[in-house]
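Hydrogens, waters and symmetry mates play no part in the numbers below; they use all other heavy atoms, side chains included. Labels below follow one simple rule: chain letters A, B, ... track the order of the sequence lines, proteins then strands, and each chain is numbered from 1.
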Amino acid sequence: MRTRYAPSPTGPQHIGGIRSALFAWLYARRHGGQFILRIEDTDRKRSIPGSVEMILGAFDWLGIDIDEGPREGGAYGPYVQSERLELYQTWAKWLVENGFAYKCYATAQELAEMRKAGGGYDRRYRDASNAEINKLEARGAPYVVRFKMPLTGSTIGADMIRGEVEFANEQLQDAVLLKSDGYPTYHLAHIVDDHFMKISHITRAVEWLPSFPLHIRIWNALGWAKPQFAHLPVLLNPNGKGKLSKRKEQFAGADGKSVPVLAQEFIDAGYLPAAVLNFLSNIGWNFGDDKEIFTTAQAIKRFDLRDVNPANSAYPIAKLDWLNSQYIQRADAAQLCRLLKPILEEAGYAVDETRLARAAPLLQVRLKSTRDVVPMAGFFFADWALFEAPPADILVQRKMDGEGTAGILRGSIPVLQGLDSFEHDTQYAAMQDYAKAIGYKNGQVFGTLRAAVSGQKVSPPTFETMEILGKEESLRRIKLALQSLAPA
RNA sequence: GGCCCCUUCGUCUAGCGGCCUAGGAUGCCACCCUUUCAAGGUGGAGACACGGGUUCGAGUCCCGUAGGGGCUACCA
């Protein structure tokens, strides 16, 4: 089994393409075959330098390994279409010589007029006389090569996902195979390449279904054995309206949260590659057994293109947050630290690894994305000497006033001061007694301390936080808060 | 407009004629736990687009309608 992903180098890697590639890759791996990357750069106008690196970067990040491709090489290269032009030209010529295709000299202006009149290309050169052709040829008139589509009858295509699909031949135009600049169109190039690269299963998005009969006719004209075809459903916008692939970058969803679409945006948003892979494979396909969380290795054992749901799906991005948080919770603590460190550093913090290791267990159940570490726990890594007491609206808890808050802070100092161990359980026991003694609820006391030491309304648990800050620093912060509340 | 594809809770999905008084997940709501936020636990609301057939029996098969998506380039 040999499958491929054949993107055009038109910019950053889009999530929709990754999903299509993932299905092809899963299928190849399931059957112990090869997964090939081929770059389809036959549209010179749309090619963007650096695209291949971005595509490769996305696959590397996700761990989708490529067996053959422009970087990996392979026995069937080159894997970039612009380096295979002669091949396409040879076969275009062969099709013309054998009566399956013809040269068309219609100018852009003529074509525009035909389109305006409706109906598209009128096949005016399909049966042009030799004399006419020779005249144009002698003049060196530019031409394209068009495929002679049967005028009557129908073509039936077998699709692995939806069964047989029948098309009336008269509906199809005489498609251009070779452009006037000598470059092939997708229609010719992909067939020549899939044949010579021995691709066994062509997977591509459903938008290719309408040209499926054309491709079948070309394969037949060339006399080559056809591979199997699977037209994959596409991702729609989260609201179900329109293709997601039209979005060129992340955008705001209905809930106001940003919806990532580019591989780099998933990285930047703090999603884990394993979570993204799990997320993607659950759209249009499912693991079975009502199991939502599974490894790629497990998915490979079960994946089958035949099981892919033919319907397009709205992009269920909210589910990724949940999946990602599940992966973070299950992650190895040391590994989580490795992920968190660069994010904190990028946010401007100097990360002490020991401290990070102590904080990590507190963060593991609280992060939806690794990015969340910054607002949740950045304060652990800031320069403590620069810490300032938070404003009163953060310090003073609900149903409390400044006076009561100050009282709690003032009273906490000797209690904490007198502790032999500053381990969180010890603090908890002592502060619980203290709260009871002064007639406040645990939440009021603990919350006040939380705000004082972390400077935040939301933070990891108060006593665990103070344990990491240490007795001295914690007390210093409590005193600071006291001062800001009741300036001397 | 023409052609093609698709249609189960808001969303992702299970279901391949009787196991369905339609299952899971997410999201939402409630309660429990609880020092905030989470996590976790329990429970709840929530779907077979519609109309015809076929069949003893249809979410499952067929036709039509509607809705959605796509294609209709010397782009892929």
Side-chain angles (χ1 to χ4, degrees), chain A residues 6-8 10 40-43 45-46 104 106 108 111 115 118-121 142-146 157 159 161-162 165-168 170-173 175-181 183-187 189-190 204-213 231 233-234 236 238-243 254-255 279 282-293 309-323 325-326 329 362-368 372 376 397-398 428 431-432 435 441-451 454 456-465:
Chain A
S8 290
T10 53
E40 308 213 326
D41 60 343
T42 56
D43 185 346
K45 293 182 284 289
R46 294 204 315 161
C104 168
L111 254 12
R115 244 194 312 276
Y121 178 62
Y143 65 86
V144 300
V145 172
R146 287 183 184 270
D159 180 82
I161 296 172
R162 58 211 91 214
V165 188
E166 183 169 4
F167 303 84
E170 59 179 6
Q171 292 294 333
L172 285 139
Q173 302 209 353
V176 172
L177 262 24
L178 199 69
K179 306 180 216 176
S180 56
D181 63 0
Y183 273 62
T185 58
Y186 169 82
H187 304 302
H190 92 273
R204 75 224 306 191
V206 262
E207 46 251 41
W208 289 108
L209 202 52
S211 52
F212 190 17
H231 291 92
V234 296
L236 267 22
N239 61 8
K241 305 278 184 198
K243 290 201 287 190
D255 55 3
F279 166 67
N282 256 330
I283 310 171
W285 183 76
N286 73 92
F287 189 82
D289 297 346
D290 288 335
K291 205 167 149 67
E292 303 283 331
I293 300 175
N309 185 335
N312 295 337
S313 9
Y315 188 43
I317 189 64
K319 229 171 170 173
L320 179 57
D321 280 334
W322 169 74
L323 256 179
S325 70
Q326 292 294 318
Q329 273 185 66
L362 309 178
L363 301 173
Q364 213 145 0
V365 294
R366 295 183 164 75
L367 305 180
K368 272 197 161 51
D372 296 343
M376 174 67 74
Q397 302 298 294
R398 267 173 12 114
Y428 183 90
M431 292 312 292
Q432 194 177 29
K441 289 183 174 163
N442 283 352
Q444 293 175 304
V445 176
F446 301 176
T448 301
L449 288 173
R450 168 198 321 290
S454 71
Q456 301 175 178
K457 263 196 160 116
V458 174
S459 81
T462 303
F463 304 121
E464 278 89 336
T465 296

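- Nucleotide B:G64 forms a pair with B:C50, judged by Watson-Crick or G-U wobble geometry with both contacts under 3.5 Å.
- Here the separation of B:C50 from B:G40, taken at their C1' atoms, is 43 Å to the nearest Å.
- The nearest heavy atom of RNA chain B to A:Ala314 and to A:Arg46 marks one nucleotide each, and the one closer to the 5' end goes with A:Ala314.
- The distance from atom CG of A:Asn309 to atom CD1 of A:Ile283, rounded to the nearest 0.5 Å, is 11.5 Å.
- Note on A:Leu178: nothing from the nucleic acid sits closer than 4.0 angstrom, heavy atoms only.
- Rounded to a whole angstrom, the distance from the C1' atom of B:A73 to that of B:G27 is 42 Å.
- Pair assignment for B:C33 gives none, since no Watson-Crick or G-U wobble pairing has each distance under 3.5 Å.
- Of the listed nucleotides (B:A76, B:C4, B:G69), B:C4 has the atom at the smallest distance from the side chain of A:Val165.
- Interface remark: the A:Ser459 side chain does not form any donor-acceptor pair with the B:C37 base, using a distance-only criterion of under 3.5 Å.
- A distance of about 15 Å separates the P atoms of B:G59 and B:U8, rounded to the whole Å.
- Taking atom P on both B:U13 and B:C6, the two are 15 Å apart, rounded to the nearest angstrom.
- Here the side chain of A:Lys243 is nearest to one of B:A76, B:U7, B:C71, namely B:C71.
- With both ends at atom C1', the span from B:C74 to B:C61 equals 45 Å, rounded to whole Å.
- In this structure, B:A58 makes no Watson-Crick or G-U wobble pair, since no nucleotide meets both defining distances under 3.5 angstrom.
- Figure legend. B:C3 is base-paired to B:G70; pairs are counted as Watson-Crick or G-U wobble with both atom distances under 3.5 Å.
- Of the nucleotides present, B:G44 is the one that pairs with B:C28 by Watson-Crick or G-U wobble criteria, both distances under 3.5 Å.
- Residues A:Leu449 and A:Phe463 have side chains in contact (heavy-atom distance under 4.5 Å, counting atoms from C-beta outward).
- Below the 3.5 angstrom threshold, one finds no donor paired with an acceptor across the side chain of A:Arg162 and the base of B:C5.
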Tabulate atom names and distances for all N/O pairs under 3.5 angstrom spanning the protein and nucleotides 22-25 of chain B.
{"unit_1": "B:G24", "atom_1": "O2'", "unit_2": "A:Asp290", "atom_2": "O", "d": "3.4"}
{"unit_1": "B:G24", "atom_1": "N2", "unit_2": "A:Glu292", "atom_2": "OE2", "d": "3.2"}
{"unit_1": "B:A25", "atom_1": "O4'", "unit_2": "A:Glu292", "atom_2": "OE2", "d": "3.2"}
{"unit_1": "B:A25", "atom_1": "N3", "unit_2": "A:Lys319", "atom_2": "NZ", "d": "3.1"}

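- When each of B:A39, B:U35, B:C71 is scored by its nearest atom to the side-chain atoms of A:Pro461, the top-ranked nucleotide is B:U35.
- Among the nucleotides B:C71, B:U35, B:A39, the one closest to the side chain of A:Gln329 is B:A39.
- Taking atom P in both B:A58 and B:G51, one finds a spacing of 14 Å when rounded to whole Å.
- Looking at A:Ser459 and A:Arg450, their side chains do bring a donor and an acceptor atom within 3.5 Å of each other.
- Mapping A:Gly443 and A:Asp321 onto RNA chain B via the closest heavy atom, the residue that lands nearer the 5' end is A:Asp321.
- When rounded to the nearest whole Å, the span between CZ of A:Arg398 and P of B:U35 equals 15 Å.
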